[in-house]
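Note that these values count all heavy atoms, side chains included, but never hydrogens, waters or copies made by symmetry.
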Amino acid sequence: MGLKNLFLVIITFILNAQTIDAREVNIYSHRQPFLINPFLEKFTEKTGINTNIIYSAQGLAQRLNSEGKNSPADVILTVDIASLIVYHNMDLFLPISSEKLKQNIPSHLRSLDNTWFGLSKRSRIIVTSKERIQSRSITNIEDLSDQKWRGKICTRPGSHDYNRALLASIIAEHGEEKAEKWASGLVANLARRPQGNDRAQVKAIFEGQCDIAIINNYYFGLLKYSDIPEERDWANSLNLVFPNQGETERGAHINISGGGVAKHAKNKSEAIALLEFLTNKESQDLYGKINFEYPVNPKVAPTIELQSWGNFKSDKISISTIARLSGVAQRIIDRVGW
């Protein structure tokens, strides 16, 4: 064999080896890049698997559906149960078998058919003005329908996924009739029409437009450590109430960020490896440090910062039940004008 031919053989061998070793996973993500990129960097560092990501707040399920078998997507990452159910109902997830995921994620935080999995928890909590609401005067989510809070509450619209899921949890606990009575009482207690996001509710308390609001817990952390001094002032004006924490109470309502393997994943083993990585201790700690979310893995403790906010017992109702009742919740929201 001539030297030139030998050189070509060696180059071909190297290229083939690189092709074999170049493992990757393609991700469609509803989570913003600054939230998910630190996880992906760690994943590549630990496994050698490269990640490619497409981010969009909306439209990814429709895109995946239209792409069909030609879709490059291997993993879907979402921000709540409502998004997961959209993919599930469109048959866009692939059922997978993973003992690690079963061990790391309690059954009530994953689907029965092993198509989607909770990756972090966030709680719908109550925040109150330190100046105008006496501490411990509100302990349960049900308290917000008490007429003594007339004109004191702010919320984002009830039809938002976060509030619809909260109402679904109340339906699961008390039944539709009592849940509607609660929602009607809440609406009667509003200081203004439902509007804005959770940050806007905190700002409204600071400005004196209302005294009480419902927000996701991680917004408090994001505001407390914001680069904007004004937002830090908003957070410092609040008391946090983790509702329904009594010994006989069900615990605070939670939602999840989650994910699943795309139905036509070309890199299935890498996709499963990513989901498993996101439920290990290192990643579960990161969820708390980056976005103030609670671990789904029961073997991992919340971060020191989260623990400093107070004891937190979460509702153990199946997230699948929350999704199933969301339609009933929306009908109640429409009827009471939330």
Point to revise | Note: Arg31-Glu293 ion pair, threshold 4.0 Å (strictly below) | key: yes
Review point. Is there a side-chain contact between Ile272 and Lys100 (heavy atoms, below 4.5 Å)?
Key: no
Study note, to complete from the structure: CG of Leu238 to OG of Ser129, rounded to nearest 0.5 Å, is 8.0 Å
Revision key, fill the gap. Applied to residues 302-313, the side chain to side chain donor-acceptor pair (under 3.5 Å) test, sequence neighbours excluded, yields Lys224-Glu305, Tyr225-Glu305, Glu305-Trp309
Check your understanding: If you round to the nearest 0.5 Å, how far is NZ of Lys42 from OG of Ser283?
Key -> 9.5 Å
Exercise for review: Mind running side-chain hydrogen bond (donor to acceptor under 3.5 Å, both in side chains) on Asn37 and Glu41 for me, showing each step along the way?
Suggested key: CA-CA 6 Å; Asn37 284 343; Glu41 291 169 3; 5.7 Å; no
Review point. Between the side chains of Asp74 and Asn267, is a donor N or O closer than 3.5 angstrom to an acceptor N or O?
Key: yes
Point to revise | Partners meeting ring pair (Phe, Tyr, Trp, His ring centres under 6.0 Å) with His30 (sequence neighbours left out) | key: Tyr87
Check your understanding: Does a salt bridge link Asp161 with Arg164, judged by any charged N lying under 4.0 Å from a carboxylate O?
Key -> yes
**Study point:** ring pair (Phe, Tyr, Trp, His ring centres under 6.0 Å) partners for Phe312, two or more places apart
**Key:** Phe242, Tyr294
Point to revise | Verdict with reasoning, Glu207 to Arg192, per salt bridge (Lys or Arg N to Asp or Glu O under 4.0 Å) | key: CA-CA 13 Å; Glu207 294 177 343; Arg192 60 180 188 178; over 6 Å; no
Point to revise | Joint hydrophobic cluster, Val79 plus Ile254, side-chain heavy atoms closer than 4.5 Å | key: no
Give the table of side-chain donor-acceptor pairs shorter than 3.5 Å for residues 57-64, with sequence neighbours excluded, one pair per line with atom names and distance.
unit_1 : atom_1 : unit_2 : atom_2 : d
Arg63  : NE     : Tyr28  : OH     : 3.4
Arg63  : NE     : Glu67  : OE2    : 3.0

**Study point:** Common cluster, Tyr287/Val300, ILVMFWY with side-chain heavy-atom separation under 4.5 Å
**Key:** no
Point to revise | Cluster check Phe277, Leu275: I/L/V/M/F/W/Y, side chain < 4.5 angstrom | key: yes
Check your understanding: Looking only at atom types and distance, does a side-chain atom of Thr44 sit under 3.5 Å from a main-chain N or O of Ile49, one as donor and one as acceptor?
Key -> yes
Review point. Can you list the other members of the hydrophobic cluster that holds Leu190, where links are side-chain heavy atoms under 4.5 angstrom apart?
Key: Ile126, Ile133, Ile138, Ile141, Leu144, Trp149, Ile153, Leu166, Leu167, Ile170, Ile171, Trp182, Leu186, Val187, Ile212, Ile214, Val241, Leu325, Val328, Ile332, Ile333, Val336, Trp338
**Study point:** Hphob cluster co-occupancy, Leu112 + Met90, side-chain heavy atoms under 4.5 angstrom
**Key:** no
Exercise for review: Using a strict cut-off of less than 4.0 Å between a Lys/Arg side-chain nitrogen and an Asp/Glu carboxylate oxygen, indicate whether Arg124 and Asp198 qualify as a salt bridge.
Suggested key: yes
Practice item. Report yes or no: do Ile81 and Val86 belong to one cluster of Ile/Leu/Val/Met/Phe/Trp/Tyr joined by side chain heavy-atom distances under 4.5 Å? Key: yes
Point to revise | Heavy-atom side-chain proximity of His264 to Asn70 below 4.5 angstrom | key: no
Point to revise | Flag, side chain of Gln284 to backbone of Asn297, donor-acceptor distance under 3.5 Å | key: yes
Review point. Do Ser326 side-chain atoms and Ala323 backbone N/O form a donor-acceptor pair below 3.5 Å?
Key: yes
Point to revise | Lys203: partners by side-chain hydrogen bond (donor to acceptor under 3.5 Å, both in side chains), with sequence neighbours left out | key: none
